[in-house]
Amino acid sequence: MTLYPKSYHVIVVGGGHAGCEAALAAARMGCETALFSIYLDTVAHMPCSPSVGGLGKGHLVKEVDALGGEMAKIADQSGIQFRILNTRKGPAVQGTRCQNDKVLYRAKMKSVLERQVKLDIKQTLVEEILLEGDKAVGVRDHLGMDFMASAVVLTTGTFLHGLIHIGGQQIPSGRAGEFPANRLADNLVALGFKMGRMKTGTPARLRRTTIDFSQFSEQKGDEKPRPFSLFTEKITLPQVSCYIGRTHQRTHEIVQENIDLSPLYSGAITGVSARYCPSLEDKVMKFPQKERHQVILEPEGLDTEEIYASGTGNSLPYEIQIQLVRSVPGLEEADIMRPAYAIEYDFVQPTQLRSTLETKKVKGLFMAGQINGTSGYEEAAAQGLWAGINAALQVQQRPPFVLDRSEAYMGVMVDDLVTRGTREPYRIFTSRAEYRLLLREDNADLRLMEKGHELGLIDSDALKDLKERRGQIAGELQRIRQVRIKPTAKVNEYLAAKKSAALEYAVPLAQLLKRPELSYAEIEHLEGRTKDLPERVARQVEIQCKYEGYLQRQEAEVNKFKNLEKIRIPSGFDYDEIPGLSNEVRQQLSEIQPSSLGQASRIAGVTPAALSILMVYLKRSREKSADPDNETQPFGGAMGSQ
């Protein structure tokens with residue numbers, strides 16, 4: 001074996017969305033960092049949908065941006081259609097989504113990586129984690145080169161024993177055309193990690209000029225695209241449309257007639273599929289009452305003919321795929337440029353991770369992205385940033401970075417993974433967040449930017465802008481609570497035009513703004529003045545005023561939640577010492593090793609009765625530890641966090 005002449009603080013294995021964010025975070029925090037990718041031309045590649053964001057996912061992208069990550073900026077630079085989803089519902093469940101030029105996204109991110117100070121990017125295939133005792137100290141690649149580091153972050157995506165299925169054809173691959181990482185997968189098994197198997201897939205890509213778009217409904221983006229990133233002033237790329245159509249009865253017949261040729265139904269695929277993103281085979285077979293299923297045509301870029309045929313994902317033989325695609329109205333002459341396929345891959349059960357995304361078995365080894373059982377670019381990027389930050393903090397001997405469920409969607413996702421694990425590809429949803437009224441897309445900067453600055457990922461100018469914005473919001477909220485509008489004929493005439501009740505006496509502007517039919521701009525009009533607040537500030541004023549009662553109620557719930565989170569459980573706590581717990585509860589608690597009573601309460605199988613027993617026992621052990629006359633220090637000493 002040969003030792004590479006330069007050693008690193010942090011090594012990141014894998015150049016997908018998780019790896020890019022992890023490497024950039026570690027380098028920007030001052031660590032000498034290396035990013036290893038099997039093929040540098042596919043760094044930050046979008047192997048599936050050419051889009052970023054969506055419901056819940058858009059929240060993650062905004063949070064990555066507020067903490068100093070890169071995904072939102074690159075999405076803005078490569079975005080060719082922007083839409084705010086769920087606009088008919090409240091701001092808590094709205095989400096930003098953009099279509100992207102895939103080639104441009106990849107090129108822009110690669111350029112950022114190449115120009116990042118303290119970051120080396122290298123093309124190689126990592127096959128082994130190097131250990132000293134139970135500590136990761138580097139990696140070994142397929143050429144026998146040893147690269148040493150103080151911390152290692154694995155972001156392997158679908159490459160661990162990756163296997164592509166197209167009908168009866170099985171192709172070992174991490175993505176179409178790329179080598180799998182089989183030896184690294186074997187190495188993780190040898191290290192004692194519990195592995196699982198998952199399946200995902202991608203639909204066919206069609207040639208634009210062979211599609212009859214007249215049989216599809218055009219779906220345009222927002223007239224005024226709102227950027228993802230706080231740091232983007234304007235979207236500059238040309239904007240394009242997507243197109244929505246439906247499958248035909250013949251489409252379903254083709255699937256049914258050939259279902260035995262699908263590896264998903266023949267038994268060839270053993271990995272667990274994503275319930276929330278089913279293949280066309282699953283849709284047809286599991287929902288026979290549905291006569292049609294949606295097909296969305298999404299352009300893959302401005303300078304390519306390739307169209308992503310969302311909704312047609314399958315793993316049928318190529319010749320059957322041709323029949324299937326051409327059975328869809330408007331696709332009768334469609335030419336498949338790339339066939340659909342399913343892919344199986346190994347993952348590490350995430351309950352083997354700490355809340356920092358460091359593994360419990362191997363110190364200094366972190367994991368992020370699909371290796372943790374998640375699905376999606378956004379989930380990967382958020383975990384990558386989280387793991388990269390914590391790897392850097394560990395190297396620098398600084399306290400770890402952990403957000404709880406009341407602080408960020410990131411916190412919800414990581415807590416779900418390390419506390420509950422996952423049996424299927426995990427995807428974030430707004431419904432997973434108990435405190436989603438507080439965790440909106442629009443306030444990600446107010447929630448997280450200061451933390452990004454503390455980490456060294458957000459500069460002082462951005463922090464100064466944040467503080468000014470906060471001051472403007474507070475000042476305007478105070479002003480509209482004091483300024484009163486009188487019930488003049490002109491005022492009531494305007495209210496009637498807006499289908500709002502007339503005034504009988506003078507009321508504060510804030511009271512009017514609470515009316516669902518009135519916006520901030522409309523109460524400004526009633527007042528007869530324009531304060532000319534920045535749009536971002538005005539939006540916060542409107543949301544915080546309209547939903548004030550709901551927000552206060554949720555903040556009270558958060559306070560109760562935090563009381564349980566404050567009750568810490570010492571690392572290595574021996575649950576066998578607690579009488580009254582069932583064997584099942586003991587096993588679950590011992591395996592997960594929760595860091596707080598709050599986390600323990602979210603573990604499957606831990607009953608309220610078991611939680612009460614644990615709370616009493618922790619309280620007694622804490623009282624004994626605090627007693628100066630008590631010389632014993634049960635359970636490893638005084639209370640502390642992991």
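Just so you know, residue 1 is the first one in the sequence shown, and it goes up from there. Reckoned from all heavy atoms, side chains included, excluding hydrogens, waters and symmetry mates.
A donor atom on one side chain and an acceptor atom on the other are found under 3.5 Å apart for Thr232 and Asp76. Using modelled atom types, one finds a donor on one side chain and an acceptor on the other under 3.5 Å when comparing Asp186 with His161. Side-chain atoms of Ser273 and Glu424 include no donor-acceptor pair closer than 3.5 Å. Looking only at atom types and distance, the side chain of Ser229 has a donor-acceptor partner in the side chain of Asp65 under 3.5 Å away. Side-chain atoms of Ser375 and Gln370 form no donor-acceptor pair, as typed in the model, at a separation below 3.5 Å.
Screening Asp282, Asn314, Leu316, Ile259 for a side chain to side chain contact (heavy atoms under 4.5 Å, CB included) involving Leu264 leaves a single residue, Asp282.
In summary, Glu300 and Arg205 engage in a salt bridge, as defined by a charged side-chain N under 4.0 Å from a carboxylate O. Salt-bridge check for Lys6 with Asp120: passed, with a basic side-chain N closer than 4.0 Å to an acidic carboxylate O. Ionic pairing of Glu127 and Arg140 is not present here: no N-O contact between side-chain nitrogen and carboxylate oxygen is shorter than 4.0 angstrom. Salt bridge absent: Asp445 and Lys62 never bring a charged side-chain N and a carboxylate O closer than 4.0 Å. Between Arg97 and Glu298 there is a salt bridge, with a side-chain nitrogen of the basic residue lying less than 4.0 Å from a carboxylate oxygen of the acidic one. Between Lys451 and Glu454, none of the side-chain N atoms (NZ, or NE/NH1/NH2) sits under 4.0 Å from a carboxylate O, so this pair counts as no salt bridge. Salt bridge absent: Glu306 and Arg208 never bring a charged side-chain N and a carboxylate O closer than 4.0 Å. Between Arg183 and Glu128 there is no salt bridge, since none of the side-chain N atoms of the basic residue sits less than 4.0 Å from a carboxylate O of the acidic one.
The distance from the SG atom of Cys20 to the CZ atom of Arg106 is 11.5 Å, given to the nearest 0.5 Å. Expressed to the nearest 0.5 Å, how far CG of Leu130 lies from CG of Leu3 amounts to 9.5 Å. Here the CD1 atom belonging to Ile458 is positioned 9.5 Å from the NE2 atom belonging to His453, to the nearest 0.5 angstrom. Rounding to the nearest 0.5 angstrom, the gap separating the CD atom in Glu344 from the OG1 atom in Thr158 is 11.5 Å. Note that CG of Leu191 is 8.5 Å distant from OG1 of Thr359, once rounded to the nearest 0.5 Å. The CG atom of Leu24 lies 6.0 Å from the CG atom of Leu119; values are rounded to the nearest 0.5 Å.
For Asp141, there are no salt bridge (charged side-chain N to carboxylate O under 4.0 Å, His left out) partners at least two apart in sequence or on another chain.
Aromatic rings from Phe147 and Phe36 are positioned such that their centres are separated by under 6.0 Å.
Within a 6.0 Å radius of CG in Asp260, other residues, nucleotides and ligands contribute more than 12 heavy atoms. In the displayed structure, Arg602 atom CZ is contacted under 6.0 Å by more than 12 heavy atoms of other residues, nucleotides or ligands. Shown here is Lys363, whose NZ atom has no more than 12 heavy atoms of other residues, nucleotides or ligands within 6.0 Å. Other residues, nucleotides and ligands place more than 12 heavy atoms under 6.0 Å from the CD atom of Gln123. For Lys73, the NZ atom sits in a packed shell: over 12 heavy atoms of surrounding residues, nucleotides or ligands are nearer than 6.0 Å. In this structure, Gln170 places its CD atom where more than 12 heavy-atom neighbours from other residues, nucleotides or ligands lie under 6.0 Å away. By the 6.0 Å contact criterion, OH on Tyr265 is enclosed, its count of non-hydrogen atoms from other residues, nucleotides or ligands being greater than 12. Residue-environment remark: CZ (Arg398) exceeds the threshold of 12 foreign heavy atoms within 6.0 Å.
Scanning all heavy atoms of the two residues, the minimum distance from Val153 to Ala391 falls at CG2-CB, 3.9 Å. Listed here is the closest heavy atom pair of Ile166 and Gln321: CG2-NE2, 3.8 Å. Residues Pro47 and Thr202 come closest through the heavy atom pair O-OG1, 3.6 Å. Taking each heavy atom of Leu60 and Ala382 in turn, the nearest pair found is CD2-CB, 4.1 Å. When all heavy atoms of Gly14 and Thr155 are compared, the pair lying nearest together is O-OG1, 3.0 Å. Listed here is the closest heavy atom pair of Ser37 and Leu40: CB-CD2, 4.0 Å.
Between the side chain of Thr304 and the main chain of Gly301, no donor-acceptor pair closer than 3.5 Å is present. Within the 3.5 Å criterion, the main-chain N or O of Ala444 finds no donor-acceptor partner in the side chain of Glu63. Distance alone, capped at 3.5 Å, is enough to place a donor-acceptor pair between the Thr374 side chain and the Gly369 backbone. No donor-acceptor pair under 3.5 Å is formed between the side chain of Glu70 and the backbone N or O of Met109. At least one donor-acceptor pair closer than 3.5 Å links the side chain of Gln599 to the backbone N or O of Ser595. The main-chain N or O of Ala604 is found under 3.5 Å from a side-chain atom of Gln588 such that the two form a donor-acceptor pair. Side-chain atoms of Tyr341 never come within 3.5 Å of backbone atoms of Arg175 as a donor-acceptor pair (strictly under, hydrogens ignored). Lys118 contributes no side-chain N or O that, together with a main-chain N or O of Ala26, makes up a donor-acceptor pair within less than 3.5 Å. Counting only distance, with no hydrogens or angles, the side chain of Lys135 and the backbone of Ser150 share a donor-acceptor pair below 3.5 Å. Judged purely by atom type and a 3.5 angstrom limit, Asn258 has no side-chain atom pairing as donor or acceptor with the backbone of Leu261.
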Please determine whether ring-ring contact (aromatic ring centres under 6.0 Å, His included) holds for the pair His17 and Tyr105, giving the CA-CA distance in whole Å, both sets of side-chain angles, and the decisive distance to 0.1 Å. CA-CA 11 Å; His17 301 281; Tyr105 186 100; 5.6 Å; yes

Please evaluate residues Thr42 and Glu178 with respect to the criterion side-chain hydrogen bond (donor to acceptor under 3.5 Å, both in side chains), reporting the C-alpha separation (whole Å), side-chain torsions for both, the decisive distance (0.1 Å), and the verdict. CA-CA 9 Å; Thr42 54; Glu178 297 184 68; 3.0 Å; yes

Determine, stepwise, if the pair Ile307 / Arg207 fulfils side chain to side chain contact (heavy atoms under 4.5 Å, CB included). CA-CA 6 Å; Ile307 298 290; Arg207 189 177 183 88; over 6 Å; no

Does Asn372 form a side-chain hydrogen bond (donor to acceptor under 3.5 Å, both in side chains) with Gln383? I'd like the steps, not just the answer. CA-CA 9 Å; Asn372 292 341; Gln383 290 174 75; 2.9 Å; yes

Determine whether Ser315 and Glu281 satisfy the following criterion, side-chain hydrogen bond (donor to acceptor under 3.5 Å, both in side chains), listing intermediate values before the conclusion. CA-CA 8 Å; Ser315 54; Glu281 299 113 306; 2.9 Å; yes

Please determine whether salt bridge (charged side-chain N to carboxylate O under 4.0 Å, His left out) holds for the pair Arg405 and Asp416, giving the CA-CA distance in whole Å, both sets of side-chain angles, and the decisive distance to 0.1 Å. CA-CA 9 Å; Arg405 301 180 72 89; Asp416 281 349; 2.8 Å; yes

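In this structure, Thr209 and Glu305 have side chains that are in contact, with non-hydrogen atoms separated by less than 4.5 Å. In this structure, the side chains of Thr124 and Met145 stay at 4.5 Å or more apart for every pair of heavy atoms.
Stacking of Lys199 on the aromatic ring of Tyr345 is not recorded, the 6.0 Å distance cut-off and the 45° axial limit not both being met. Because its NZ or CZ atom is both nearer than 6.0 Å to the ring centre of Tyr426 and within 45° of the ring axis, Arg432 counts as a cation-pi partner of that residue.
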